[in-house]
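A short worksheet on the structure shown next.
By convention here, the first residue in the shown sequence is residue 1.
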Amino acid sequence: MPADNSPQGLLLQSMGGAGGRYLAGTTQVTGNFFGIQALSDTTLAAGTAGNISGDSLVGAVIPAGATMFGQFTGVQISAGKAVVYDFFN
């Protein structure tokens, strides 16, 4: 879908309207993601890259039901199940 920066387009994106990917294994996925939603307690691994500054995200646990927002170009988990949500391109 093309980028839609209107209020309606941004609302649609925030609800997953641009799609996403289900993660249940340890393979890194790459793309342009705005959120990682944990379906079960999810531990981030070394392949996670984004615009969150400070300490490394490696080993960080996102509790089941929570979402970590940011701009991620790669996501890798070592445990748990999650959905990563795409930005509109």
Side-chain angles (χ1 to χ4, degrees):
M1 268 187 143
D4 180 355
N5 292 323
S6 71
Q8 294 85 359
L10 294 174
L11 177 62
L12 181 63
Q13 177 177 277
S14 73
M15 296 187 309
R21 297 185 202 177
Y22 173 71
L23 306 181
T26 59
T27 302
Q28 180 192 35
V29 295
T30 58
N32 195 14
F33 310 111
F34 73 86
I36 306 167
Q37 182 177 21
L39 303 178
S40 62
D41 289 353
T42 300
T43 305
L44 299 178
T48 303
N51 67 344
I52 297 175
S53 61
D55 293 338
S56 170
L57 292 175
V58 175
V61 176
I62 304 171
T67 303
M68 178 182 285
F69 294 99
Q71 185 171 359
F72 302 94
T73 55
V75 177
Q76 184 177 21
I77 62 175
S78 59
K81 295 178 181 168
V83 174
V84 292
Y85 292 99
D86 296 322
F87 276 110
F88 281 123
N89 293 322

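Cluster annotation: Leu23 is not connected to Phe87 through the hydrophobic network of ILVMFWY side chains, with a link wherever side-chain heavy atoms come within less than 4.5 Å. Hydrophobic clustering keeps Met68 apart from Leu39 (ILVMFWY residues linked when any side-chain heavy atoms are closer than 4.5 Å, directly or through intermediates). Val83 and Ile77 fall into different hydrophobic clusters, where Ile, Leu, Val, Met, Phe, Trp and Tyr are joined by side-chain heavy atoms under 4.5 Å apart, directly or via other members.
In this structure a side-chain-to-backbone donor-acceptor pair under 3.5 Å is present from Asp41 to Ala64. Remark: the backbone N or O of Asn32 is not paired with any side-chain donor or acceptor of Thr73 at under 3.5 angstrom. A side-chain donor-acceptor contact under 3.5 Å links Ser40 to the backbone of Lys81.
Side-chain contact between Phe72 and Val84 is absent, with no heavy-atom pair separated by less than 4.5 Å.
Between Leu44 and the options Val58, Val61, Ile62, a side chain to side chain contact (heavy atoms under 4.5 Å, CB included) holds for only Ile62.
Note that CD1 of Ile36 is 5.5 Å distant from OG1 of Thr48, once rounded to the nearest 0.5 Å.
Atom CG of Asp55 is surrounded by 12 or fewer heavy atoms from other residues, nucleotides or ligands within 6.0 Å.
Ring geometry for Phe69 versus Phe34: interplanar angle under 30°, hence parallel rather than tilted (30 to 60°).
Among residue pairs with one or both ends in residues 20-31, none qualify as side-chain hydrogen bond (donor to acceptor under 3.5 Å, both in side chains); sequence neighbours excluded.
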